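Working notes for the structure below.
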Amino acid sequence: MKKAVRRLDGWTAGAPANERFPEILARLKRAYPDAHCELDFSNPFQLVSATILSAQCTDVRVNMVTPVLFAKYPDAQALADARQEDVEEIIRSTGFFRNKAKSLIGMAQAVAADHQGEVPATMNALVALPGVGRKTANVVLGNAFAINEGIVVDTHVARLSGRLGLTRHADPVRIEQDLMALTPQDDWALLSHLLIFHGRRICIARKPKCGECVLAELCPSASMP
Ligand code: SF4
């Protein structure tokens, strides 16, 4: 993409990230007032399960599978007692289904055995669960418990953070640290949703629609037609 520096009220897309970011956040909030987690869930157990299934898979596909999974295994104890091949059959279409079934059952067994069947609400306890890393833990804390402990960095968040010049890093942990330094803590969960919404609709991976982008004047990667 062509490097663009555009003036906006006296500052430019080449300005430091901390100067541009409040306006970037404000514009994203205006553009996507309904930004939210697009995985369907009604409790923390369902969200941690859906997030495990979402690896390398669309939320739409996960949402087609989880009603069947949750009807058959409504809580951690039920899933802890499941036969791996039965779970595999239900989640097959989400890809990597053997590993995901193993993670789901392992997660459920740990929740049932160590947490009285309730998904824990701390980062340390969540990342100790099989199949749960920092990204999944951030999804669960931010969306099921309304705890802003960190920022979810998925492929969209990583791509947009780089294009918008909010980070120079490629490693998700470093990207998360840079975003946390820029963003008010109350907005940490929301920021991920905003970037994901924008990444799915406008700043798409292969061909970003810079000409339609509300962030173009603020974006050092903007390439206008
Ligand atoms: S679509 Fe917007 S955010 Fe993405 S590169 Fe273009 S101007 Fe930047």
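Atoms within a ligand are numbered from 1 in the order they appear, just like the ligands themselves. Owing to the predicted nature of the structure, the values given are computational and were not obtained by experimental measurement. Here, residue 1 is the first one in the sequence, and each next residue gets the next number.
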Relative to the heavy atoms of [X], which atoms of ligand 1 are at a distance of less than 4.0 Å?
{"X": "Ala216", "result": "7 (S)"}
{"X": "Cys219", "result": "3 (S), 5 (S), 7 (S), 8 (Fe)"}
{"X": "Ala222", "result": "7 (S)"}
{"X": "Pro208", "result": "1 (S)"}

Mark yes or no for whether Lys100, through its side chain, and Leu53, through its backbone, hold a donor-acceptor pair below 3.5 Å.
yes

Does Asn63 use its side chain to pair, donor to acceptor, with the backbone of Glu38 at less than 3.5 Å?
yes

In this structure, CG of Leu179 is separated from CG of Asp187 (nearest 0.5 Å) by 12.5 Å

Backbone or side-chain N/O/S of Cys210 under 2.8 Å of atom 6 (Fe) of ligand 1
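A backbone or side-chain N, O or S atom of Cys210 is under 2.8 Å from atom 6 (Fe) of ligand 1.
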
So, do Leu126 and Thr136 sit near enough that their side-chain heavy atoms are less than 4.5 Å apart?
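Of all side-chain heavy-atom pairs linking Thr136 with Leu126, none is under 4.5 Å.
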
Under 6.0 Å from the ring centre and within 45 degrees of the ring axis: does the NZ or CZ of Arg200 meet both conditions for the six-membered ring of Phe197?
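No, Arg200 does not sit over the ring of Phe197.
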
Any idea which part of Leu164 is under 4.0 Å from ligand 1, heavy-atom wise: side chain, backbone, both or neither?
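Near ligand 1, Leu164 shows its side chain, while the N, CA, C and O stay back.
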
Do any of the N/O/S atoms of Cys203, backbone or side chain, fall under 2.8 Å from atom 4 (Fe) of ligand 1?
yes

I'd like to know if Glu176 pairs up with Arg134 as an ion pair, taking the criterion as any Lys NZ or Arg NE/NH1/NH2 lying under 4.0 Å from an Asp or Glu carboxylate oxygen.
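Yes.
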
